[in-house]
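What follows is a set of notes on a single structure, which appears directly below.
What you see below is based on every heavy atom in this structure, not just the backbone, and it leaves out hydrogens, waters and symmetry mates. A quick note: this is a predicted structure, and the numbers were derived from the prediction, not measured.
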Amino acid sequence: MIPLAEPLLKGNELKYVQECIETGWVSSVGKFVDRFEDSVATFVGSKYAVAMSNGTAALHTALLVSGIKPGDEVIVPTLTFIAPINVVTYCGAYPVFMDCDKALNIDVDKVGQFLEQECVLKIDGTYRKKTGRRVHAIIPVHVFGNPVSIRPLARLAQEYRLKLIEDATESLGSYFSEKHTGTFGTAGCFSFNGNKIITTGGGGMLVTDDEKIAQQARHLSTQAKEDNLYYSHDQVGYNYRLTNIQAALGLAQMETLPAILEMKHVQYEYYLENLREIPGLRMITPPLGTRPNHWFHTIIIDPVVYKCTRDEILKKLISFEIQARPVWKLNHKQKPYQSAESFFIEKAPLLQAQAINLPCSSSLTEDQMKTVIDVLKKGSRL
Ligand SMILES: Cc1ncc(COP(=O)(O)O)c(C=O)c1O
C-alpha cells in the first residue's frame, strides 16, 4: 500500500522520549516542552510560542485571548478541515463562510467585497449591517501548506479592526514574501497531528509577538491556575497543555524539519513535471511570491477533458492500493453549519468536487510516485 501521509520518525525521537521515561518527566512540564517551544518560535521567527495539546486547542485559545465575545461573527473559509469553524462555535460566536481562490485558499478579494458591501466600520469595530453583530476576527487557513495572500488580508484586517488568527496548522515551513505563515496577525496556530509535516502524535502550538497574548494563552491552557500551592483559579480555564513526552517527539521532529522540507520540495517538482503532460489534470501550484512546505500534493481533474470523473479515478487509485482522498466537504454544507451565513460561494463547490490529494509522505519513494503517476496517466483507459 502507498499511504497518504505517514510520519517520518528517524531522528532523535526515541532517544528523547526515553529520556522522559528514565527521568520521570512525562507530563505537562519538563525541559522538552520549553525546548520545543523555543525551537518553533525560532524557526517561524515569532517572539513567543505556547505548546498546546492539539491545533484545535491552539485555535480555540487564540480566539479566546483575542477577546472574542458570544454573539460575535468570525470570517472563515468554507474549504478547510472543520476545526477552525468549530472553535468559533465553541466561543458562542457565528462563522460567516467565504469562497476560495484557485489555490483553494480563502478568496481575499471577496473578503474585501464582503467587508465593503455588508459591513460598517464604527468607532468600536466592524459590524454586520444585516445581523447587527460585531465582526470580531478572520481565520485564514493556509490550505495544504500553500500560503494565503496574507499581506493584503492583514491590511484588510487592520483597516476593519479585525483580529487576524492564522490557521497555520498545515503550513509549518511555508512563507509569504519570506515571512513565515502564522506570524502576520494576532496569533498563528500549528498542528502536530500524525499526518502533519512534523508530528508529536497529537499536539499544537500558538505563536505570537504579543507578550500579553502569550501569557494569557499559557494561563488559559493550564486551567487558569494562579498559583501551584493553593490552587486558585481566576477564570474558567482549559487543560490544553502538551506533555513533555510529546514535546520530546516534537523537538526531534524539528531537528528533521529542514530535511523533510527538502524532500517535500523534490516530491512536488517530480509530481509537477510528470503530471504536466496529462490533459485535463492540473496540480494546485503555490501562489506567486510564496515558498510553501508542499505538505499535501493536490490535483484538479477536469472530467470532460480527462474523460474520467474525480470519483472514478479515486476508486482506481484505491484499487491499486494507493491512498488518495477527496478534499473535505465544504463547511457551509456540513450539518451543523447549513443555516450559517455565507458570502457568494461560487468557486469552492467546483474545485472541491474536482480535487484529489495524492500520497505525500516525506518518505515517499520515486518508485511509489511513478506508480501513482502511471495510474493517473492511464486514467479512464485502465
Ligand atoms: C486546517 C486545519 N485546522 C485545524 C486542524 C486541527 O488540528 P488538530 O488535529 O491538531 O487539532 C487541522 C488538522 O488536523 C487542520 O488541517
Side-chain angles (χ1 to χ4, degrees), residues 3-11 13 16-17 28 32-33 36-37 39-40 43-44 49-63 76-77 79-87 90 104 139-146 165-174 180-182 187-207 217 221 238-257 260-261 263-264 292-298 323-329 331 357-364:
L4 183 71
E6 259 187 347
L8 187 71
L9 302 159
K10 296 269 161 67
E13 288 81 2
Y16 293 169
V17 169
S28 58
F32 285 114
V33 175
F36 184 39
E37 287 179 340
S39 159
V40 172
F43 185 85
V44 304
V50 183
M52 298 271 170
S53 49
N54 53 61
T56 311
L59 285 162
H60 184 200
T61 306
L63 271 182
V76 290
L79 201 161
T80 173
F81 181 56
I82 201 168
I85 321 302
N86 282 341
V87 295
Y90 299 167
L104 307 184
I139 310 182
V141 178
H142 303 283
V143 175
F144 301 138
N146 282 321
I165 312 264
E166 285 176 75
D167 181 332
T169 49
E170 302 179 353
S171 67
L172 184 65
S174 299
H180 202 288
T181 53
C189 301
F190 295 93
S191 165
F192 310 114
N193 182 27
N195 68 358
K196 294 295 182 289
I197 196 142
I198 65 160
T199 186
T200 56
M205 190 78 75
L206 181 155
V207 300
S221 61
Y238 299 83
N239 180 10
Y240 276 174
R241 293 292 279 152
L242 192 78
T243 66
N244 202 41
I245 288 192
Q246 289 166 310
L249 268 175
L251 184 68
Q253 289 271 279
M254 283 302 287
E255 293 167 358
T256 319
L257 180 59
I260 292 178
L261 288 170
M263 289 185 245
K264 303 289 287 187
N293 63 1
H294 299 297
W295 174 56
F296 258 43
H297 310 300
T298 310
Q323 239 186 19
R325 68 166 202 199
V327 303
W328 320 277
K329 183 174 163 180
N331 283 300
N357 291 138
L358 299 179
C360 63
S361 309
S362 310
S363 56
L364 197 66

Side chains of [X] and [Y], heavy atoms from C-beta outward: is any pair under 4.5 Å?
X	Y	result
Thr169	Phe81	no
Asn193	Asn54	no
Leu63	Ile139	yes
Val76	Asp167	no
Ser221	Tyr238	no
Ile198	Ile260	yes
Ser362	Lys264	yes

Full working for side-chain contact (heavy atoms from CB on, under 4.5 Å) between Met263 and Leu8: CA-CA 11 Å; Met263 289 185 245; Leu8 187 71; 3.5 Å; yes
Considering all heavy atoms, the nearest [X]-[Y] contact:
X	Y	result
Pro140	Ile165	CD-O, 3.3 Å
Met52	Ala217	CE-O, 4.0 Å
Gly145	Asn293	CA-OD1, 3.2 Å
Val33	Ala51	CG1-CB, 4.3 Å
Pro7	Thr199	CB-CG2, 3.7 Å
Gly202	Leu242	O-CD1, 3.7 Å

Worked check of side-chain contact (heavy atoms from CB on, under 4.5 Å) between Leu257 and Leu261: CA-CA 6 Å; Leu257 180 59; Leu261 288 170; 3.9 Å; yes
Whether Trp295 and Phe144 hold their rings parallel, tilted or perpendicular, with breakpoints at 30° and 60°: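 Because their plane-to-plane angle lies in the 30° to 60° range, the rings of Trp295 and Phe144 count as tilted.
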Parallel, tilted or perpendicular: rings of His180 and Phe190 (30°, 60°):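 Taking His180 first and then Phe190, their aromatic rings stand perpendicular (interplane angle over 60°).
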Verdict with reasoning, Leu4 to Asn357, per side-chain contact (heavy atoms from CB on, under 4.5 Å): CA-CA 8 Å; Leu4 183 71; Asn357 291 138; 4.3 Å; yes
Roughly how far, to the nearest 0.5 Å, is the [atom2] atom of [Y] from the [atom1] atom of [X]?
X	Y	atom1	atom2	value
Thr243	Phe32	OG1	CZ	11.5 Å
His294	Ser171	NE2	OG	13.0 Å
Met205	Phe43	CE	CZ	12.5 Å
Leu251	Glu13	CG	CD	9.5 Å

Taking [X] for its side chain and [Y] for its backbone only, find out whether a donor-acceptor pair lies under 3.5 Å.
X	Y	value
Asn331	Thr80	yes
Thr181	Ser174	yes
Glu166	Gly182	yes

Phe36 ring center within less than 6.0 Å of Phe192 ring center: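 Ring centres of Phe36 and Phe192 closer than 6.0 Å.
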Val50 and Arg241: CA distance, side-chain angles, deciding distance, side-chain contact (heavy atoms from CB on, under 4.5 Å) verdict: CA-CA 9 Å; Val50 183; Arg241 293 292 279 152; 3.5 Å; yes
